[in-house]
Asker: 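After the structure tokens below, expect a handful of questions from me.
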Amino acid sequence: MKIKFLLMLTSVVFFLNACSKDDNEVAETLETPVANAPKDVNDNGFKAKWNYVSYSKSYLLDVSTTENFVSFVPNYNAKEVTDLNEIVVGLTGGTQYYYRVRAKNETEISGYSNVISVVTTGSSGIPEDPTFLKVKANKLANPFFVGMAIKASQLTNGSPYDIILRNEFSSISAEYEMKMDQISTASGVYNWTVADKIVAYGNANNINVHGHALVWHNSVPQWLKDFSGTDAEFAAEVKKYITDVVTHYSGKVKSWDVVNEAVDDNGGTMRNTIFLQKMGPNYVKDCFQWAREAATAAGDTSLLLFYNDYATSANTAKQNKVFSIVDDLKTANVIDGVGFQMHNTYLSPTKAQIETDLNKAVAKGLKIHVSELDIQVNQANDISSFTNERRLAQKEKYKEMVKIYNALPAANKYALTIWGMKDNESWIPFNAELNHPGNDWPLLYDSNFAIKSSHTGFLEGLD
């Protein structure tokens, strides 16, 4: 009897445990996996990776050439994998791919993971798109100027620079030769020769001319640095300069960066320049007011006035300070737009950071000029030649920037300007502060004027 009782008790315990196990299995649900960056990227494939999901017995891997997975790479439509990675093979070199995964336990399947982007190395064998940039941009429902920073020495009729500029670009900005220390030689004395050449070239070729820049702390002429008059007299000199330059180019220069880089990189404060020291914290508004008054007096009621600065997308404190200045200018009704320099890298800022930055200007009803775009690929100084991987990453970053800009409301678009033509003539490889002398390739054309993948990326961003 005792043995029979123990057998019955054991059966009951086993039954209860079994029920408890069944109940737990019913309660357990599969979490959505997290996909990780790929490893071992090569010309023909890569290793896709993802995190472990509890209770998962396998994973379903999708690989596509489209971010929304409207089609799949053969053999990679919900391919079942029992490991936490899979070597994807049979791909094409130099091509954009995307992958995602789901966890699976018998009939139960989780939601999709995040989508991972990967570009295979090598060349796709497809030549770069030779379409002229402005031709494609002008066919948009809401077109905008495609700009280039130039030097007067490049504007010789029939030169490679001249041919590319007239074919590809609808706006120009002087890289340096329209700044104060290039034009002003003494109080009320001006050397217009070089700046006039730039403006005349644009006007003769139906190319928009953007003036850069009336006031910048790094282009103060020596005579003004040494000025010994009172602060009020110093301000009067700045007003005279702005008035004379705006008047001289009335109707010929369609827009100006009135003040350039007035905000410090640290702490969201005003940059401690000679203009701040002698004219006080309202100097930016004063300069805009003088520019507006000069244009109005000259009958140029359509002149657009911009504030221009750099590195605001990833620097929130600087961004906030810039927009506090912009708010003040907007209240005074003296500003039309904001210039975002966008000296970016192939890794940063992120798409979300750029969109947040630009959308602040959109919300204020201002025009947006991506005014000095270039994209570094060697900011860590870790390569000595322009690798295929960096070439394709740069292409995608240019494409991303152009797509962001093209998606802006029509009323907020002005121009997207590339800061220089050829890699070997960009300011970036030769800037000591950037610490990679001679080794970067940030632009749309190589040293032989040949279009790069970044040029194709720009065009793809217009789709």
Asker: Using the ring pair (Phe, Tyr, Trp, His ring centres under 6.0 Å) criterion, which residues pair with W256? Sequence neighbours excluded.
Answerer: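 Residues passing ring pair (Phe, Tyr, Trp, His ring centres under 6.0 Å) with W256: none at all.
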Asker: Run S453 and E128 through side chain to side chain donor-acceptor pair (under 3.5 Å) and show every step you take.
Answerer: CA-CA 6 Å; S453 295; E128 303 300 348; 2.6 Å; yes
Asker: For Y99 and F46, take the angle between the two ring planes, folded into 0 to 90°, and tell me which bin it lands in: parallel under 30, tilted 30 to 60, perpendicular over 60.
Answerer: parallel
Asker: Which residue pairs pass the ring-ring contact (aromatic ring centres under 6.0 Å, His included) test when at least one of the two sits in residues 371-397, sequence neighbours left out?
Answerer: F386-W441
Asker: Just checking D463: does its CG atom have more than 12 heavy atoms from other residues, nucleotides or ligands closer to it than 6.0 angstrom?
Answerer: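 Yes - once you tally the heavy atoms of other residues, nucleotides and ligands closer than 6.0 Å, there are more than 12.
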Asker: Tell me, yes or no, whether the heavy-atom count around K360 atom NZ, taken from other residues, nucleotides or ligands under 6.0 Å, exceeds 12.
Answerer: yes
Asker: Which residues pass the ring pair (Phe, Tyr, Trp, His ring centres under 6.0 Å) test with Y59, sequence neighbours left out?
Answerer: W50
Asker: Please assess K252 against V199 for the test side-chain contact (heavy atoms from CB on, under 4.5 Å), listing each intermediate value before the final yes or no.
Answerer: CA-CA 7 Å; K252 299 175 182 178; V199 174; 3.7 Å; yes
Asker: Could you list the residues that satisfy ring pair (Phe, Tyr, Trp, His ring centres under 6.0 Å) with Y76, not counting sequence neighbours?
Answerer: none
Asker: Quick one: list whatever passes ring pair (Phe, Tyr, Trp, His ring centres under 6.0 Å) with Y97, sequence neighbours left out.
Answerer: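 None.
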Asker: Show every donor-acceptor pair shorter than 3.5 Å between a side-chain atom in residues 304-314 and any protein atom, with sequence neighbours excluded, or say none if there are none.
Answerer:
| residue | atom | partner | partner atom | Å |
| --- | --- | --- | --- | --- |
| Y307 | OH | A262 | N | 2.9 |
| Y307 | OH | D309 | OD2 | 2.5 |
| N308 | OD1 | S371 | OG | 2.6 |
| N308 | ND2 | N260 | OD1 | 2.8 |
| N308 | ND2 | E372 | OE2 | 3.1 |
| D309 | OD1 | K318 | NZ | 3.3 |
| Y310 | OH | D265 | OD1 | 2.9 |
| Y310 | OH | D265 | OD2 | 2.7 |
| Y310 | OH | R271 | NH2 | 3.2 |
| T312 | OG1 | D357 | OD2 | 2.6 |
| S313 | OG | D357 | OD2 | 2.9 |

Asker: Would you say D257 and H369 are linked by a side-chain donor-acceptor pair, where the criterion is simply a distance under 3.5 Å?
Answerer: no
